[in-house]
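One structure below.
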Amino acid sequence: MANPYTRAPPLGSGSSKALGDKDPFYGWLPRRINAEQVQKAMAGDVNPFTKQPHSAQYKKILETRKKLPVFAQMSEFLRMFSDNQIIVMVGETGSGKTTQIPQFVCYSDLPHTKGKLIACTQPRRVAAMSVAKRVADEMDMPLGKQVGYSIRFEDMTEPGTTFLKYMTDGMLLREAMNDPDLTRYSTIILDEAHERTLATDILMGLLKALARRRADLKIIVMSATLDALKFQKYFSVSKGGEPAPLFKVPGRTHPVEVFYTQDPEPDYVEAAIRTVLMIHRAEEPGDILLFLTGEEEIEDACKKIKLEADDLLNQDPDSVGPLVCIPLYSSLPPQQQQRIFDPAPTPRMPDGPPGRKIVISTNIAETSLTIDGIVYVVDPGFSKQRVYNPRIRVDSLLVSPISKASAQQRAGRAGRTRPGKCFRLYTERDFMKELEEQTHPEILRSNLANTVLELVKLGIKDLVKFDYVDAPAPETLMRALELLNYLAALDDDGNLTPLGAIMADFPLDPQMAKMLIVSPEFNCSNEILTIVAMLSVPNVWLRPPNQRKEADAAKAMLTVPDGDHLTLMNVYNNYQQNSHDRGWAWNNYLSQRALQQADNVRSQLQRNMERFEIDLVTTADPKRLHMNVRQALVCGFFMQVGHKEGEKGQYFTVKDNQVVNLHPSCGLDNQPEWVIFNEFVLTTKPYIRTVTDVRPEWLLEYAPNYFDLSSFPDGTETKRALQRIANKRSRKNAPPESSSNGKGDRPSKRAKKAY
DNA sequence: GAGCACTGC
């Protein structure tokens, strides 16, 4: 056979007639391609990848592509790509990097000639989908053929045809778990690396090691300017040697003038409202984007601004135009989110002062959503950030100052369509001296139980020595290892157990994966599957401010008094029985969107169960079914137990002895002595949320290692209570329920032993 | 008697 590189094989719909002997790739040598070759191929009449004639549309799009800053540097890029295994690339907003660089790579790498793919990862699903669509158009191909995307629940690729795949970072990480060498890929592009999502961080560590094993793999890390040097050093080719080369492309945005306050503002919401109204009165036409921290703050500010703006309009209708306030946060239904794209209101009278639109948004407008036409940004300098405290194992959301990088990103939102202004509600000194350079990457702010299990499954032996871009706190790793060991996912030496290997394959927190896998032993895997799905989606309960009573009453109708987990199950079952009816969900103050998602997650998990031959079983007798479900819950959540002390209903977490309260949303009709909880949240008080009544015997029985009383701090009421139960049990000298194994409905003997 | 920054598998 001739050199395979002299002639690209015809692809998919390619017809040899159209091709003739004019294959635009004829004689091309992969990874040794220059810009002249590519330009010529792009300008040709025949699409070199499909061998079809180019459409008129294609030529049009090509002209606009040529105006992108990155296009002018194609030659430089191709040279750098030829000469290096790893490149760090910086491309500011509007450079065209996300759409163009992967295409340049296609022309140079010619992945289709070797049956490989180019991957380009994105932190968000919508981005992966929309960019893939755009690039498919640019390359004159139907989406899902040569160019596709892959996100959870949706694989828009065609095996054997697709050679450029946009995907979420989490998706590529999943693939790595089953193929640590990522052999299908010839080039991997990590886009938006500066966002430092957990998945991107882990991928960077994996790819750095993989680059040594696979000399044929090329890697491109794309980021914002501030982080480039850090990545260059991290990906230095030789140990302590040269940093990875940098490819830099200017952006194409308009200048944004930044203003600071003279003095610190004591009340940033009040200051923000004042600033917005000042802009409305005094500045040229143009829409405003105000960043606040959460739903309540946003809705509140919306009302206040509206009131004040209406006053202004009435007082001075000749110089002040109408103003419309639009809230934006993730839990808003998509339809309402769309309002941010509405045009500004029209003047009240012909020739009157023009109207203005103000969007008041959480961080969602910083990265996930771009709104065109914004000219003014008001930035109070705060956002809610997730923090994880490994000492007490609690996740919380804290309003914290943003980073410099974040502030710059926010300011940039004012310059997308024309020159803009950004009003920072803090002093220049604070910006320079007080703000951190970067937002702490997620890996430093999260519970890593899931990540650690993934890393072990990926074959990483020593988690502490893993080459992280930023290493997590050792205590966070310890907490994760400890949890996984108690769940029997890792043995005492930190090796993956067969159970752990299966757990890692479920897109779930380890606790939930564990209880799902063991649930057939309790004859309730059907129910646990539902509960796990419901726990994996956003809150299903709606509570509109003016209909709280009605919403609470509707919830009470669906509540199961034995526990919130059972209530969730009941909600899902009712949703099914009412054939996913939108009206039913609406009448019961439930989020149809969340229920639909739960349904989706449930099917995906069910497919995973089938792959591992985990039976889907249930128990006929409803009373016994509830008992069985509650026991299965213990198998996953035995480390999240609350014990009531005293009559006041004060709960203490087991072992950590933290004081916690039942969350007001809890549906229990009494205060059981022992409960398991799904989450521990720190808001106005420490709360445990999604709570179920359990029996202490179950704790001792299904989690004997964790409930080894010698490991408990002495002198606590919890320990004494458990000791009493243990004594009673040993007197009986037989497990109380498994001995009477008359009906198949009861937990089997094996369940007792294994867990 | 309270909340839900945002993403992802």
Side-chain angles (χ1 to χ4, degrees), chain A residues 121-128 150-155 167-178 192 195-203 291-300 327-332 361-369 382-387 395-400 402 406 409 439 441-443 445-446 450-451 453-454 457 503-510 512-513 532 536-545 548-549 551-552 555 591 594 597 600-601 604-605 607-608 649 661-667 679 681-689:
Chain A
T121 68
Q122 298 292 322
R124 282 169 291 280
R125 287 189 213 165
V126 260
S150 174
I151 59 179
R152 188 182 187 183
F153 304 127
E154 202 183 351
D155 184 8
M167 64 203 301
T168 45
D169 48 12
M171 211 58 188
L172 186 61
L173 191 54
R174 282 273 142 191
E175 282 190 23
M177 283 179 19
N178 292 315
E192 315 286 3
E195 287 196 24
R196 305 293 303 275
T197 65
L198 249 174
T200 296
D201 261 33
I202 300 301
L203 282 169
F291 285 100
L292 290 178
T293 64
E295 173 175 347
E296 203 181 317
E297 212 174 76
I298 288 170
E299 294 291 356
D300 205 43
L328 177 65
Y329 41 88
S330 75
S331 57
L332 274 180
S361 171
T362 61
N363 262 0
I364 194 171
E366 199 180 301
T367 47
S368 307
L369 279 169
F382 292 94
S383 71
K384 269 190 198 168
Q385 285 170 33
R386 200 224 311 259
V387 243
D395 252 330
S396 42
L397 283 172
L398 283 182
V399 173
S400 332
I402 59 170
S406 229
Q409 178 75 17
T439 309
E442 222 180 353
I443 197 169
R445 294 185 285 122
S446 313
N450 230 335
T451 306
L453 184 58
E454 280 166 9
K457 171 103 187 208
M503 283 167 62
D505 257 40
F506 281 83
L508 291 171
D509 281 344
M512 293 209 261
V532 159
S536 302
V537 301
N539 188 9
V540 295
W541 308 103
L542 299 178
R543 210 162 174 251
R548 292 197 176 160
K549 260 195 181 154
D552 290 349
K555 185 175 177 186
S591 159
Q597 280 180 47
N600 229 339
V601 172
Q604 188 192 33
L605 295 173
R607 287 194 294 275
N608 283 5
N661 306 276
L662 293 184
H663 194 272
S665 66
C666 172
E679 45 178 3
V681 290
L682 192 61
T683 51
T684 52
K685 277 197 246 174
Y687 284 112
I688 50 176
R689 196 158 54 190

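Since the model is a prediction, treat every value here as computed from it, not as a measurement. Residue numbers begin at 1 in each chain, while the letters A, B, ... track the order of the sequences.
Distance A:Glu195 CD to B:dA5 P: 19 Å, rounded to the nearest Å. Atom NZ in A:Lys549 sits roughly 17 Å away from atom C1' in B:dA2 (whole-Å rounding). Between the CZ atom of A:Arg124 and the C1' atom of B:dT7 there is a distance of 7 Å, rounded to whole Å. Between A:Gln122 atom CD and B:dG8 atom P the separation is 11 Å, expressed in whole Å. Distance CG (A:Leu605) to C1' (B:dC9): 10 Å, rounded to an integer number of Å. Straight-line distance from the CZ atom of A:Arg543 to the C1' atom of B:dC4: 13 Å, rounded to whole Å. Rounded to whole angstrom, the span from the OH atom of A:Tyr329 across to the C1' atom of B:dA5 amounts to 13 Å. In this structure, the OH atom of A:Tyr687 is 10 Å from the C1' atom of B:dG3, given to the nearest Å.
Residue A:Arg125 places no side-chain atom within donor-acceptor reach of the base of B:dG8, judged by atom type and a 3.5 Å distance cut-off alone.
Each of B:dG1, B:dC6, B:dG8 was ranked by its minimum atom distance to the side chain of A:Pro664; first place goes to B:dG1. Here B:dC6 is the nucleotide among B:dA2, B:dC9, B:dC6 with the atom lying nearest to any side-chain atom of A:Thr362. Taking every side-chain heavy atom of A:Pro507 into account, B:dC9 is the closest of B:dC6, B:dC9, B:dA5. Here the side chain of A:Ile151 is nearest to one of B:dA2, B:dC4, B:dC9, namely B:dC9. For A:His663, the side-chain atoms get nearest to B:dG3 when compared with the rest of B:dG3, B:dG1, B:dA5.
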Please report the C-alpha distance between A:Arg125 and A:Glu154 in whole Å, then the side-chain angles of each, then the deciding distance to 0.1 Å, and finally whether the side chain to side chain contact (heavy atoms under 4.5 Å, CB included) criterion is met.
CA-CA 10 Å; A:Arg125 287 189 213 165; A:Glu154 202 183 351; over 6 Å; no
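Across A:Arg386 and A:Glu442, no two heavy atoms sit closer than the pair NH2-OE2, 3.8 Å. Taking each heavy atom of A:Glu454 and A:Met177 in turn, the nearest pair found is CG-SD, 3.5 Å. Nearest approach of A:Asn608 to A:Pro507, heavy atoms of both residues: ND2-CD, 3.3 Å.
Other residues, nucleotides and ligands contribute over 12 non-hydrogen atoms within 6.0 Å of the CD atom of A:Glu679.
Residue A:Thr168 places no side-chain N or O under 4.0 Å from the OP1 or OP2 atom of B:dT7. For B:dC4, one of the phosphate oxygens OP1 or OP2 lies less than 4.0 angstrom from a side-chain nitrogen or oxygen of A:Arg689. A:Ser383 has no side-chain polar atom (N or O) that falls below the 4.0 Å cut-off from OP1 or OP2 of B:dC6.
Of the two residues contacting DNA chain B, namely A:Ser330 and A:Leu682, the nearest-nucleotide position lying further toward the 5' end is that of A:Leu682.
Within 4.0 Å of A:Gln385, counting heavy atoms only, lies no atom of the nucleic acid at all.
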